[in-house]
Amino acid sequence: MEGNVKVECTQGDITQQADLDAVVNAANAELRTGGGVAGAIHRAAGPELEEACRPMAPIKPGEAVMSPGFGLPNKKIIHCLGPVYNIDKPSDQLLASCYWNALKLAESVRLSSVGFPAISTGAFGYPLEEAAEVTADAIHSVISDLSHVALIRMVLFSDRDLQVYRKAFRINR
Ligand code: ADP
């Protein structure tokens, strides 16, 4: 707990977080289905998701947009375009912007819980330890501005990812 906001890191699948108001998609600029998180989210949400996203595309690195959850158990999906490491620069600021903009959108519709995957650490090549540090700093820096979001969950796909993010967030369990 930091103030009234709980931040946790768990191992799991971002499409299986039924207790959260919103989950974040590690999207592509066109907001289409793809590999990794985007593929899993679009498969679980169904074809309506691509249709709903089309008018909002393309988005730029660091930006976030929001859609309904459709077939996902969550009310909303927040789509963030992470930076391609060392191509979209400054990569650290663009990655931090993803988390800030996603939380700003969640606040704007008064959501109380949001789950994030490890944005940019898959196809976009961000080194895990560096991404974890940037992410932890970005989230810690906005916590005091949140008035609706009370739970932030980092959902890490592998046990190794979980250990790295726990260390960066200084969570010792
Ligand atoms: P990016 O293009 O932003 O790098 P990816 O989807 O390729 O996004 O990967 C981001 C991270 O999400 C990687 O660490 C990957 O292992 C992880 N990941 C892939 N599928 C899932 C899933 N279903 N749930 C949670 N994390 C996932």
Side-chain angles (χ1 to χ4, degrees), residues 7-47 49-50 53 56-67 69-103 105-106 113-139 151-169 171:
V7 182
E8 58 187 29
C9 293
T10 57
Q11 187 182 354
D13 184 325
I14 196 71
T15 66
Q16 307 283 319
Q17 307 298 318
D19 59 325
L20 300 179
D21 289 342
V23 289
V24 172
N25 181 14
N28 47 64
E30 298 304 323
L31 304 175
R32 308 277 306 262
T33 187
V37 171
I41 284 189
H42 278 267
R43 270 194 304 280
L49 179 59
E50 265 198 357
C53 284
M56 299 187 283
I59 62 169
K60 297 194 196 79
E63 287 183 349
V65 295
M66 188 158 52
S67 75
F70 298 110
L72 277 183
N74 320 95
K75 209 186 305 178
K76 300 283 186 188
I77 302 169
I78 299 172
H79 307 263
C80 288
L81 179 60
V84 177
Y85 186 67
N86 269 350
I87 303 282
D88 299 314
K89 293 185 205 179
S91 294
D92 56 346
Q93 285 176 37
L94 293 170
L95 185 59
S97 293
C98 286
Y99 290 90
W100 292 331
N101 286 326
L103 288 168
L105 278 178
S113 52
V114 184
F116 287 94
I119 298 172
S120 283
T121 66
F124 286 0
Y126 217 115
L128 202 64
E129 277 82 2
E130 274 183 57
E133 290 296 334
V134 171
T135 299
D137 287 351
I139 288 178
L151 171 63
I152 298 171
R153 178 181 298 155
M154 291 300 307
V155 181
L156 290 320
F157 213 33
S158 73
D159 183 58
R160 175 167 176 261
D161 295 4
L162 175 65
Q163 299 316 324
V164 170
Y165 275 70
R166 274 197 177 150
K167 187 167 171 228
F169 278 83
I171 297 170

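Bear in mind the structure is a predicted one, so any value in this text is a computation, not a measurement. In this chain, numbering begins with 1 at the start of the sequence shown. Whatever order the structure lists ligands and atoms in, that order sets their numbers, starting from 1.
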So do Tyr165 and Thr121 actually touch side chain to side chain, heavy atoms under 4.5 Å? yes

Pull out every atom of ligand 1 sitting under 4.0 Å from any heavy atom of Asp13, numbered as shown with elements. 22 (C), 23 (N), 24 (N)

Numbered atoms and elements of ligand 1 in range of Asp161, under 4.0 angstrom, heavy atoms: 14 (O)

Given salt bridge (Lys or Arg N to Asp or Glu O under 4.0 Å), test Arg160 with Glu129 step by step and report yes or no. CA-CA 11 Å; Arg160 175 167 176 261; Glu129 277 82 2; 3.5 Å; yes

For Val37, atoms of ligand 1 separated by under 4.0 Å from a heavy atom: 6 (O), 12 (O), 18 (N), 19 (C), 20 (N), 21 (C), 26 (N), 27 (C)

Heavy-atom donor-acceptor pair, Ser120 side chain to Pro83 backbone, under 3.5 Å: yes

State, yes or no, whether a side-chain contact exists between Leu103 and Ile152 at a heavy-atom distance under 4.5 Å. yes

From OG1 (Thr33) to CG (Asn28), nearest 0.5 Å: 8.0 Å

In ligand 1, the atoms that come under 4.0 Å of a heavy atom of Gly36 are 6 (O), 20 (N)

Quick one: does Phe124 get an N or O within less than 3.5 Å of an N or O on ligand 1? yes

Just to check, does Thr15 reach to within less than 4.0 Å of ligand 1 when the distance is taken from its heavy atoms? no

May I ask you to identify the nearest protein heavy atom to atom 7 (O) of ligand 1, giving residue, atom name and distance to one decimal place in Å? Ala123 N, 2.9 Å

Under a 3.5 Å distance rule, please check whether Asn101 uses its side chain to pair with a backbone N or O of Gly62 as donor and acceptor. yes

Look only at interatomic distance and state if Ile14 has a nitrogen or oxygen under 3.5 Å from any nitrogen or oxygen of ligand 1. yes

Element-labelled atoms of ligand 1 that are located less than 4.0 Å from some non-hydrogen atom of Ser120: 1 (P), 3 (O), 4 (O)

Check each of Pro83, Ala26, Pro117, Ala118 against atom 10 (C) of ligand 1 and report the one with the nearest heavy atom. Ala118

Can you sort out which atoms of ligand 1 are near Ala40, meaning under 4.0 Å from one of its heavy atoms? 23 (N)

Minimum-distance protein heavy atom relative to atom 13 (C) of ligand 1: Thr121 OG1, 3.3 Å

Value rounded to 0.5 Å, distance of CG in Asp92 from OH in Tyr85: 9.0 Å

Strictly inside 4.0 angstrom of atom 19 (C) of ligand 1, do you find any protein heavy atom? yes

For Phe157, counting its heavy atoms only, list the atoms of ligand 1 lying under 4.0 Å from any of them. 16 (O), 17 (C), 18 (N), 19 (C), 20 (N), 21 (C), 22 (C), 23 (N), 24 (N), 25 (C), 26 (N), 27 (C)

Rounded to the nearest 0.5 Å, how far apart are CZ of Phe70 and NZ of Lys76? 9.0 Å

min-distance protein heavy atom vs atom 4 (O) of ligand 1 -> Gly122 N, 2.9 Å

Is it the side chain, the backbone, both or neither of Leu156 that has a heavy atom closer than 4.0 Å to ligand 1? neither

Quick check: does any side chain N or O of Asn74 sit under 3.5 Å from a backbone N or O of Leu20, one acting as donor and the other as acceptor? yes

Does any N or O in the side chain of Thr15 come within less than 3.5 Å of the main-chain N or O of Ile41, such that one atom is a donor and the other an acceptor? no

